[in-house]
Amino acid sequence: MKLSCTECGQERSLTDPVWRCECGGLLQVEQSLGALDGEKLRHVFDERLAERNTPYASGVWRYKELIHPELPMEGIVTKYEGNTGLYGSEPVRRFTGVRNLRLKAQSENPSGSFKDNGMTVAVSQGAWLGYERFACSSTGNTSSSLAMYAALSGKASYVFVPEEGVADGKVLQTAAYGARMIRFQGTYDDGIRFLERHAAELELYVCNSINPFRIEGQKSIVYEIAQALNWTLPEWIVLPGGALSNGSALGKGLRDMVATGLISRMPRVAIVQAEGASPFHRMIEHGLKELVPEPRPHTLASALNIGNPPSWKKAADVLQATRGVTVSVTDEEIMEAKAVIDRAGIGCEPASAASAAGLRKLVAQGIVDKDETAVCILTGHMLKDADALQRYMARAADDGGMPVSSALELGQLKECL
């Protein structure tokens with residue numbers, strides 16, 4: 001295994017605590033996959049489904065050969081993350097308009113979001129390198145995940161959280177895990193820039209998606225989808241796009257599976273952004289070569305409230321490799337999709353619902369055919385953004401969505417039911 005620059009190709013040691021090359025490109029983990037046999041890997045991965053109380057019981061570390069084969073087993077920091085449900089739902093299928101739809105509920109992770117898939121690897125790597133202090137800039141989910149894994153490993157966590165545009169529940173969850181929280185005026189992007197400049201001086205190990213080991217862990221999401229579908233994949237995988245780490249990881253995981261023979265073909269990838277924070281979609285839509293950041297991103301879907309996604313170049317490569325597309329959706333479209341997903345008994349935070357809202361729009365535009373198959377990735381738990389939940393539930397009061405107030409008398413209750 002080694003680190004290499006995604007732009008100029010310069011190589012570095014796996015133990016270098018760096019995230020960017022001198023040329024400005026992000027680093028990625030590379031390993032030789034030629035010696036791995038897909039048929040043998042499928043057998044090993046299927047056998048590990050029976051594991052309990054070992055790192056292989058994790059839905060990430062089950063795929064250790066593809067995630068981080070050089071990390072000692074005793075160095076793994078895990079909470080048996082992954083192993084999240086892949087659900088069919090007739091109401092959501094009807095809403096999106098496709099023939100066959102499944103929902104990958106990353107909300108079932110220990111801290112309530114897909115960030116756990118990557119964070120278990122990032123914290124394990126940092127601890128292996130000897131770090132005692134871990135840090136991130138976050139709109140909420142990353143900070144909660146980092147704080148949990150740092151506490152689990154007995155390390156300290158420092159999270160940089162914007163004072164505005166972050167759900168209170170995520171902040172409280174982060175604080176409950178014992179993180180030292182730095183609230184600042186500015187955006188997620190300002191926090192990332194600060195950490196890139198000063199993390200080494202402060203002896204902080206940064207666990208944002210610029211960390212290539214986060215990407216390695218998040219690859220496991222698509223591995224799990226493929227394994228659950230008997231090592232086949234749908235025609236489309238649809239996911240929300242904030243920092244774009246999930247899109248980057250998805251593409252890397254797909255390439256790994258093709259290279260080892262685990263799958264025979266790639267699906268197409270659709271990345272969905274909120275209209276108030278959609279610089280990547282605008283870049284792709286207008287055929288631009290460079291991303292123009294959104295200086296003041298704004299969306300009710302707080303996890304998507306990122307105006308300068310650090311992984312945009314990686315995500316653009318994924319779209320090219322998979323004949324992928326982008327789409328943007330309004331907050332109203334997001335909340336409409338969320339209501340359908342919630343009432344289907346699955347539930348998700350607003351950012352997650354962007355995937356279903358985006359798929360519906362792509363079907364309406366004729367980009368996705370109604371007879372095609374798709375998986376939507378739901379990235380976070382429905383209680384992650386309780387403020388947004390409360391707002392839309394209040395609007396749904398007339399539709400029977402809010403509790404009714406009544407005396408415990410049979411006659412009155414008959415009128416309410």
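Only heavy atoms go into these numbers, but all of them, side chains included; no hydrogens, no water, no symmetry mates.
- Look at E275 and R282 and you find no salt bridge, because none of the NZ, NE, NH1 or NH2 atoms lies under 4.0 Å from a carboxylate O.
- Under the 4.0 Å criterion applied to side-chain N and carboxylate O atoms, E235 and K370 are not assigned as salt-bridge partners.
- Atom CG of L3 is separated from atom CD of Q10 by 11.0 Å, given to the nearest 0.5 angstrom.
- Using a cut-off of 4.0 Å between Lys/Arg side-chain N and Asp/Glu carboxylate O, D256 and K219 are scored as salt-bridged.
- Salt-bridge check for R93 with E90: passed, with a basic side-chain N closer than 4.0 Å to an acidic carboxylate O.
- Between K314 and D317 no salt bridge is recorded (no basic side-chain N to carboxylate O distance below 4.0 Å).
- Atom CZ of R180 sits in a sparse spot, with 12 or fewer heavy atoms from other residues, nucleotides or ligands closer than 6.0 Å.
- Each of N246, L378, N117 was scored for a side chain to side chain contact (heavy atoms under 4.5 Å, CB included) with Q106, with one residue passing: N117.
- Between K338 and E349 there is no salt bridge, since no side-chain N of the basic residue sits under 4.0 Å from a carboxylate O of the acidic one.
- Under the ring-ring contact (aromatic ring centres under 6.0 Å, His included) criterion, the residue pairs touching residues 130-151 are Y131-Y205, F134-Y205, with sequence neighbours excluded.
- Within 6.0 Å of the CZ atom in R296, the count of heavy atoms belonging to other residues, nucleotides or ligands does not exceed 12.
- Ion pairing between E11 and K2 holds under the 4.0 Å rule for side-chain N and carboxylate O.
- Atom CD of E203 has 12 or fewer heavy atoms from other residues, nucleotides or ligands within 6.0 Å.
- Between E51 and R62 there is no salt bridge, since no side-chain N of the basic residue sits under 4.0 Å from a carboxylate O of the acidic one.
- Taking OG of S278 as the reference point, atom CD of E285 lies at 8.5 Å (rounded to 0.5 Å).
- The neighbour count for H298 NE2, taken as heavy atoms of other residues, nucleotides or ligands under 6.0 Å away, does not exceed 12.
- By the 4.0 Å N-to-carboxylate-O rule, E372 lies too far from R99 to be salt-bridged with it.
- Put simply, the side chain of I271 reaches to within 4.5 Å of the side chain of V269, judged on heavy atoms.
- A donor-acceptor distance shorter than 3.5 angstrom exists from the side chain of K64 to the backbone of L71, with no hydrogens or angles considered.
- For CD of E70, the number of neighbouring non-hydrogen atoms (other residues, nucleotides, ligands) closer than 6.0 Å is greater than 12.
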